Amino acid sequence: MIEPDTIKLLRECDAGIKMGVKSIDDVLDRVESTDLKQLLNACKDEHDKLDKELQQMLDSYGDDGKDPNFISEKMAKLKTEVKLQMDTSDNTIADLMTDGCNMGVKSLNKYLNQYAAADEQSKDITKRLINLEAQLAVDMRKFL
């Protein structure tokens, strides 16, 4: 029997990956630094790799996954637009990305604890996503 926590945890990872990729896409065309652009593109590629693995897992359970919360997604987009209208520097982009990563790490850890009965494979992908987000936040420091 499939533990419901497994599917719930995978769904939250799915929403998190989509939110992360969308956030990167929202700022990528405004990045000036080649180094920052390469870093964001590499992180996006890693999100895409995790997403493919995650989608295979969701498919094996016959689940379509989950989109990010509509209000959270729109609020993040609004925050990005307002901040970038005031200051389009890479510092602002790094600040926005750091905030997003920190929120992602916090949420994913919450779900990891909430869905403790999930299988080890889904916990592993969650931990890898948490590490990816945490590393991006660290990598953003030199652009702040």
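Everything quoted here is computed from the prediction, not taken from an experiment.
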Side chains of [X] and [Y]: does their closest heavy-atom pair fall under 4.5 Å?
X: Val21; Y: Asp51; value: no
X: Tyr115; Y: Thr126; value: no
X: Asp25; Y: Lys44; value: yes
X: Glu3; Y: Asp119; value: no
X: Lys22; Y: Lys18; value: no
X: Thr6; Y: Gln121; value: no
X: Met140; Y: Asp99; value: no
X: Gln38; Y: Thr34; value: yes

Please answer whether the main-chain N or O of [Y] pairs with a side-chain N or O of [X] as donor and acceptor at a distance below 3.5 Å.
X: Asn113; Y: Asn109; value: yes
X: Asp95; Y: Asn91; value: no
X: Asp90; Y: Ser33; value: yes
X: Thr92; Y: Asp87; value: yes
X: Lys123; Y: Ala116; value: yes
X: Asp14; Y: Leu10; value: no
X: Asn131; Y: Lys127; value: yes
X: Thr98; Y: Ala94; value: yes

*asked:* For Leu136 and Glu46: C-alpha separation, side-chain torsions, deciding distance, then whether side-chain contact (heavy atoms from CB on, under 4.5 Å) applies.
replied: CA-CA 11 Å; Leu136 182 59; Glu46 289 301 314; over 6 Å; no
Transitive ILVMFWY side-chain link [X] to [Y], under 4.5 Å:
X: Leu9; Y: Tyr61; value: yes
X: Leu40; Y: Leu132; value: no
X: Met97; Y: Leu144; value: no
X: Leu50; Y: Leu58; value: yes
X: Ile130; Y: Tyr111; value: yes

_Please find the pair of heavy atoms, one from Cys13 and one from Ile125, that lie closest to each other, and give the distance._
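In terms of heavy atoms, the two residues are closest at SG-CG2, 4.5 Å.
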*Give a yes or no on this: more than 12 heavy atoms of other residues, nucleotides or ligands lie within 6.0 Å of atom CG of Asn102.*
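Yes, CG of Asn102 has more than 12 neighbouring heavy atoms, counting only those of other groups under 6.0 Å.
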Spacing of [X] atom [atom1] and [Y] atom [atom2] [to the nearest 0.5 Å]:
X: Asp139; Y: Asp35; atom1: CG; atom2: CG; value: 11.0 Å
X: Ile93; Y: Thr88; atom1: CD1; atom2: OG1; value: 7.5 Å
X: Gln114; Y: Glu12; atom1: CD; atom2: CD; value: 7.5 Å
X: Asp67; Y: Arg11; atom1: CG; atom2: CZ; value: 12.0 Å
X: Lys110; Y: Leu108; atom1: NZ; atom2: CG; value: 10.0 Å

*Determine, for Lys49 against Asp45, whether the closest basic-nitrogen to carboxylate-oxygen distance falls under 4.0 angstrom.*
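Between Asp45 and Lys49 there is no salt bridge, as every charged N stays at least 4.0 Å from the carboxylate O atoms.
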*Taking it one step at a time, do Lys66 and Glu73 satisfy salt bridge (Lys or Arg N to Asp or Glu O under 4.0 Å)?*
CA-CA 13 Å; Lys66 179 181 175 182; Glu73 190 175 24; over 6 Å; no
*asked:* Under the salt bridge (charged side-chain N to carboxylate O under 4.0 Å, His left out) test against Asp26, which residue among Lys74, Lys77, Lys83 passes?
replied: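 With Asp26 as partner, Lys74, Lys77, Lys83 yield a single salt bridge (charged side-chain N to carboxylate O under 4.0 Å, His left out), made by Lys77.
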*Worked verdict on Leu129 versus Leu54 for side-chain contact (heavy atoms from CB on, under 4.5 Å)*: CA-CA 11 Å; Leu129 182 55; Leu54 177 73; over 6 Å; no
_Trace of the side-chain contact (heavy atoms from CB on, under 4.5 Å) decision for Ser122 with Met57_ = CA-CA 8 Å; Ser122 60; Met57 292 172 70; 4.1 Å; yes
_Under the criterion side-chain contact (heavy atoms from CB on, under 4.5 Å), I'd like the reasoning laid out for Glu133 against His47: C-alpha separation, chi angles, the key distance, then a yes or no._
CA-CA 9 Å; Glu133 294 292 316; His47 275 77; 2.5 Å; yes
